[in-house]
Amino acid sequence: QVQLVESGGGLVQAGGSLRLSCAASGRTFSSYSMGWFRQAPGKEREFVASISMSGGRIVYLDSVKGRFTISRDNAKSTVYLQMNSLKPEDTAVYYCAAGTLNPGTYRLDADYWGQGTQVTVSP
């Protein structure tokens, strides 16, 4: 079992930045690939970014490439999502997840989920 707790969400104006953190506890953090997903009101949950166990393979949703950066610190059992140049369409609940990378897409197949943190971007 892995427990995940997100933090760092909030309200920001368009063009601003936020940094999300996800602290993991339980089984060995470094044995999991990690990822971020988001769910906007009235929409399905969508993949945002994933990072392999060592951090060597990273994949992003096309619409966040060049604006978002995923990283991990295995010594701190924490994964981060740095979000820059935020847009109103980035407004969603952001979820951290742990699992394995899909061998075809390298996106995360999640086994464990955090509770989510709200990100709201005003125009």
Colleague: Just jot down the side chain to side chain contact (heavy atoms under 4.5 Å, CB included) partners of Ala23, sequence neighbours excluded, or say none.
Modeller: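 So Ala23 forms a side chain to side chain contact (heavy atoms under 4.5 Å, CB included) with Thr78.
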Colleague: Might you point out which heavy atoms bring Leu20 and Trp36 nearest each other, and give the distance in Å?
Modeller: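 Nearest heavy atoms, Leu20 then Trp36: CB-CH2, 3.6 Å.
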Colleague: Could you give the side-chain donor-acceptor pairs of residues 57-66 under 3.5 Å, partners two or more places apart or in another chain?
Modeller:
unit_1	atom_1	unit_2	atom_2	d
Tyr60	OH	Ile70	N	3.0
Asp62	OD1	Lys65	NZ	3.0

Colleague: Among pairs that include at least one residue of residues 108-123, which meet salt bridge (charged side-chain N to carboxylate O under 4.0 Å, His left out), considering only residues two or more places apart or in two chains?
Modeller: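 Matches after skipping sequence neighbours: none remain.
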Colleague: Quick test of your reading: applying side-chain hydrogen bond (donor to acceptor under 3.5 Å, both in side chains), list the pairs with at least one residue in residues 6-17, sequence neighbours left out, ordered by first then second residue.
Modeller: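 Of all non-adjacent pairs touching residues 6-17, those that pass side-chain hydrogen bond (donor to acceptor under 3.5 Å, both in side chains) are Glu6-Gln115, Ser17-Asn84.
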Colleague: Output every pair passing salt bridge (charged side-chain N to carboxylate O under 4.0 Å, His left out) with a member in residues 90-101, not counting sequence neighbours, ordered by first then second residue.
Modeller: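 Non-adjacent pairs meeting salt bridge (charged side-chain N to carboxylate O under 4.0 Å, His left out): Arg38-Asp90, Arg67-Asp90.
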Colleague: Just grab all the disulfide (SG to SG under 2.5 Å) pairs involving residues 32-119, residues at least two apart or on different chains.
Modeller: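 Residue pairs with at least one partner in residues 32-119: Cys22-Cys96.
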Colleague: Do any side-chain atoms of residues 99-107 form donor-acceptor pairs under 3.5 angstrom with protein atoms, and if so which ones, sequence neighbours left out?
Modeller:
unit_1	atom_1	unit_2	atom_2	d
Asn102	OD1	Gly104	N	2.8
Asn102	OD1	Thr105	N	3.1
Thr105	OG1	Arg107	N	3.1

Colleague: Name all residues meeting the ring-ring contact (aromatic ring centres under 6.0 Å, His included) criterion together with Tyr112; count only those two or more places apart in sequence or in a different chain, and write none if there are none.
Modeller: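 Partners of Tyr112 under the ring-ring contact (aromatic ring centres under 6.0 Å, His included) test: Tyr32.
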Colleague: Can you sort out the partners of Ser31 under side chain to side chain contact (heavy atoms under 4.5 Å, CB included), two or more places apart, ordered by chain and number?
Modeller: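 Thr28.
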Colleague: Can you list every disulfide (SG to SG under 2.5 Å) pair that touches residues 38-95, not counting sequence neighbours?
Modeller: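 Not a single pair qualifies under disulfide (SG to SG under 2.5 Å).
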Colleague: For residues 63-102, pull every pair meeting ring-ring contact (aromatic ring centres under 6.0 Å, His included), keeping only residues two or more places apart or in separate chains.
Modeller: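 For residues 63-102, and leaving out neighbouring residues, there are no ring-ring contact (aromatic ring centres under 6.0 Å, His included) pairs at all.
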Colleague: Give the minimum heavy-atom separation between Ala97 and Leu108, together with the two atoms involved.
Modeller: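 Heavy-atom minimum between the residues: O-CD2, 3.5 Å.
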Colleague: Run the ring-ring contact (aromatic ring centres under 6.0 Å, His included) test against Phe47 and tell me which residues pass, sequence neighbours left out.
Modeller: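 Here the qualifying residues are Phe37.
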